[in-house]
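Each remark here refers to the structure printed beneath this line.
As the structure lists them, so they are numbered: ligands from 1, and atoms in each ligand from 1. Small disclaimer: the values here were computed from a predicted structure and weren't measured. The residues of the chain are indexed from 1 along the displayed sequence.
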Amino acid sequence: MFGLMPNCRLDLKKPYYCMADYQGAEARWCPGCGDHAVLATVQRLCRDKQLPPEKTVFVSGIGCSSRFPHYMRTYGFHGLHGRALPVAAGIRMRRPDLHVFVVMGDGDCCSIGTAHWVHTIRYNMKMVVMLFDNEIYGLTKGQTSPTSRAGTRSSTHPSGSVLPGLNPLPITLGVTNVSFVAQTVDWNPAHMMATLDAAYEHPGFAFIRIIQRCPHFAKGLHEELLANPDRTLYLDHKQGITLPDEVARMYKNRARHDPSDLIAALTHAMRTDVIPIGLFFQDRSRTRYDVYGAANINTPPERKEAMLNRELDRFAV
Ligand code: SF4
């Protein structure tokens with residue numbers, strides 16, 4: 001006869017998640033679209049960090065890149081144009097146990113979603129926010145976007161756009177309580193991975209602008225950058241985004257940039273002669289609204305109701 005020993009515990013092995021555990025539906029982006037590279041890198045990050053898929057959520061707005069949650073085998077919310085951030089903030093407030101990622105395009109974030117973008121930076125809730133910047137509205141077939149550079153020929157500006165493109169980096173850096181701003185490119189998976197890793201580990205709102213190729217509507221836009229590595233400025237610092245030597249060697253054009261220096265970050269962010277990649281700014285000590293907001297998360301509903309009633313009773317006449 002077998003009896004259970006009082007201290008006997010089943011030693012269940014921790015699950016190990018592999019790439020397939022994060023791979024959702026087959027991506028329907030155009031061949032050569034930079035979004036494919038970002039998707040593969042994000043899936044690698046999830047695998048390396050061993051994020052439980054049921055504890056991970058991707059939130060997006062509308063646009064080509066916003067199809068991202070469909071291609072992840074995690075929770076996802078494919079929302080409304082420009083509204084990814086308020087949804088993500090709500091998730092973060094009530095479910096601090098989840099790993100929250102946000103995917104936005106340039107039309108999504110920098111046009112209709114601008115107010116949400118600015119205020120969510122200030123709220124500094126922990127999440128990884130990826131701005132896929134391809135300088136064009138792709139899903140709606142090639143209209144000028146806020147970040148399109150002057151002279152962009154598009155269906156809305158067949159003779160070329162007139163205004164200079166909006167630069168999302170100084171805007172983000174200029175918002176009160178900003179805590180993490182970085183830039184990477186879709187064609188350097190090692191740098192993108194290191195950037196995502198740093199963003200994931202950051203205790204706050206981690207904003208990454210990913211310069212993304214759209215070979216369909218913005219063909220050849222970054223050809224010069226790809227052909228001439230000296231057009232890229234690698235922001236190098238031991239507190240920044242560090243690369244293995246064999247990758248870092250590719251970048252002859254480097255600048256020592258201390259990411260605690262906000263003024264220097266703004267100066268680099270506004271450069272137009274080169275494209276800086278790396279960590280512009282990080283401050284881990286900035287106030288986080290999700291910490292404050294989650295303070296009463298475990299309060300039982302009866303207690304919350306009693307507190308609410310007490311407040312309302314103050315206005316009884
Ligand atoms: Fe990618 Fe551009 Fe095709 Fe959209 S239109 S899927 S951004 S290549």
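Using a 4.0 Å cut-off between a side-chain N of Lys or Arg and a carboxylate O of Asp or Glu, Asp290 and Lys126 do not qualify as a salt bridge. Salt-bridge check for Lys49 with Asp197: passed, with a basic side-chain N closer than 4.0 Å to an acidic carboxylate O. Salt bridge status for Arg286 with Asp283: present, with a side-chain N to carboxylate O gap under 4.0 Å. A salt bridge does not link Arg73 to Asp21: none of the charged side-chain nitrogens sits closer than 4.0 Å to a carboxylate oxygen.
Excluding waters, the set of protein N/O/S atoms under 2.8 Å from atom 1 (Fe) of ligand 1 reads Cys33 SG.
Between Tyr71 and Phe68, the gap from one ring centroid to the other reaches at least 6.0 Å. In summary, the aromatic rings of Phe58 and His78 are positioned with their centroids too far apart to meet the 6.0 Å limit.
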